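Predicted, not measured: the structure shown is a model, and the values here were computed from it.
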Amino acid sequence: MTPPRPSPPDPGHLHNEATAHGNHAIAAGNIRNVFIRWALQHPSARWLPLLLACAALIIAGTTWPDGPASQYALWGALTTLSLATAAGRVLVQRPADARIVAALSLVSVLTTVGGYLAFRNVVTHGEVDVTGKVTTLGGQPLDATTHRSITLSLDAPALRESRNTLRLTLAVDDHDPAGPTCVPDSYVTASLLTSGVPTQAQRVNPGSTADFSLGAQASTVRIDVTLTTGRGCRMAVRPTRATLYDQ
């Protein structure tokens, strides 16, 4: 009796597994070879990374927003690396290893793109200094009885950059610096006015900071500031720093 023959393997299965995997490897190899040939042979390969890095730097310089320099640290590091590797690619004319110029070109392009994305993130979500745009409604000085509050205002031009939080630093000083000081006995209560109703009330000591959640994009911001001080004291209250940022 002739034993039964084993079933032949499914050709479709072979095609979908091994061949497909091989195609992916071949495609990746082709892309790598094309990039290496371009980096080594094409005249534009020496200068293109440097031109891209310089273009990104010029765009950043012409659209530079406000805010502390510390928030641009990542952008600065990536930009420095992109310019350094791009300059290295221009200077390396006859490399001993093709991978050197390919690596320089690739690193420069990737860090240029990364730096631009980091810069755009700061432009969209970073801190914006609006100290000079805060308007004070109400007269000074403030005292403990007859005149105790002022209103700080930020209007549409100051809120052009959409942010969801306001950080406010307030100074509370003696109106008459020559007289006895009342600063140790003084503080203010700062409240965000929402539809005319005080919300998010916070005690702010002289020189201290309060943060207010603005929610969705606001067209105006009003902060009610009420002084608490000793009898007979007259104080000057003013914002020393106002910053919009995304929390």
Side-chain angles (χ1 to χ4, degrees), residues 63-73 75 119 121-247:
T63 59
W64 194 267
D66 294 327
S70 60
Q71 64 185 346
Y72 301 99
W75 169 82
F119 179 79
N121 182 67
V122 174
V123 171
T124 306
H125 301 290
E127 295 185 359
V128 179
D129 185 4
V130 292
T131 305
K133 300 177 182 178
V134 178
T135 302
T136 301
L137 306 176
Q140 304 267 13
L142 304 182
D143 56 45
T145 54
T146 59
H147 182 50
R148 297 181 55 202
S149 65
I150 57 174
T151 300
L152 304 179
S153 173
L154 278 171
D155 294 318
L159 301 170
R160 180 179 54 193
E161 302 291 342
S162 177
R163 301 292 188 271
N164 60 26
T165 308
L166 170 66
R167 180 186 299 125
L168 189 64
T169 304
L170 297 172
V172 183
D173 300 315
D174 296 301
H175 179 64
D176 182 9
T181 182
C182 294
V183 172
D185 301 322
S186 303
Y187 66 90
V188 298
T189 301
S191 306
L192 179 69
L193 295 176
T194 304
S195 300
V197 179
T199 61
Q200 303 182 44
Q202 300 182 51
R203 172 172 170 159
V204 184
N205 293 319
S208 296
T209 297
D211 291 272
F212 300 94
S213 297
L214 305 181
Q217 184 175 4
S219 58
T220 58
V221 173
R222 299 287 186 273
I223 305 291
D224 180 72
V225 179
T226 303
L227 174 70
T228 299
T229 189
R231 184 178 296 275
C233 294
R234 305 174 73 203
M235 310 299 293
V237 180
R238 58 188 174 84
T240 58
R241 187 168 184 82
T243 303
L244 294 170
Y245 66 99
D246 277 338
Q247 194 171 37

All side-chain hydrogen bond (donor to acceptor under 3.5 Å, both in side chains) counterparts of T199, not counting sequence neighbours: T194
Ignoring hydrogens, what is the shortest heavy-atom contact between A144 and G230? Give both atom names and the distance. CB-O, 3.7 Å
Looking only at heavy atoms, the pair that brings A158 and L244 closest together is O-CD1, 3.6 Å
Residues pairing under side chain to side chain donor-acceptor pair (under 3.5 Å) where one sits in residues 135-145, two or more places apart or in two chains, turn out to be D143-T146
Those residues that, when tested against T226, pass side-chain hydrogen bond (donor to acceptor under 3.5 Å, both in side chains) (two or more places apart): D224
Mind running side-chain contact (heavy atoms from CB on, under 4.5 Å) on L142 and H175 for me, showing each step along the way? CA-CA 8 Å; L142 304 182; H175 179 64; over 6 Å; no
By side-chain hydrogen bond (donor to acceptor under 3.5 Å, both in side chains) - contacts of R203 (at least two apart): N205
Do the side chain of Q71 and the main chain of E127 share a donor and acceptor less than 3.5 angstrom apart? yes
Separation of T240 OG1 from L170 CG (nearest 0.5 Å): 7.0 Å
Got a list of side-chain donor-acceptor pairs under 3.5 Å for residues 180-188, not counting sequence neighbours?
from, atom 1, to, atom 2, distance (Å)
T181, OG1, D174, OD2, 2.7
T181, OG1, V183, N, 3.3
S186, OG, C182, O, 2.7
S186, OG, T229, OG1, 2.6

In the structure I gave you, are the side-chain heavy atoms of P198 and L193 within less than 4.5 Å of one another anywhere? yes
Residues at least two apart in sequence or cross-chain that pass side-chain contact (heavy atoms from CB on, under 4.5 Å) with N121, listed by chain then number, are H125
Residue pairs passing the disulfide (SG to SG under 2.5 Å) test where at least one lies in residues 134-177, sequence neighbours excluded: none
Quick one: side-chain contact (heavy atoms from CB on, under 4.5 Å) partners of D173, sequence neighbours excluded? A171, R238
Go through the structure and list residues passing salt bridge (charged side-chain N to carboxylate O under 4.0 Å, His left out) with D155, not counting sequence neighbours. R222
Testing the basics here: between A210 and Q202, what is the closest heavy-atom pair and its distance to 0.1 Å? CB-OE1, 3.5 Å
Mind checking what makes side-chain contact (heavy atoms from CB on, under 4.5 Å) contact with A242, not counting sequence neighbours? V130, T131, V134, L166, L168
In chain order, what residues pass the side-chain hydrogen bond (donor to acceptor under 3.5 Å, both in side chains) check against R234, with sequence neighbours excluded? none
Validation row: R163, L214 side chains within 4.5 angstrom (heavy atoms): no
Does any non-hydrogen side-chain atom of I223 lie less than 4.5 Å from one of F212? yes
List in chain and number order the residues that pass side-chain contact (heavy atoms from CB on, under 4.5 Å) with T165, two or more places apart in sequence or in another chain; answer none if no residue qualifies. D211, Y245, Q247
Can you see which heavy atom on S153 is nearest to which on L137, and at what distance? CB-CD1, 4.2 Å
Mind listing the closest non-hydrogen atom pair of L192 and S213 along with its distance? CD2-O, 3.7 Å
Under a 4.5 Å cut-off applied to non-hydrogen side-chain atoms, are L159 and K133 in contact? no
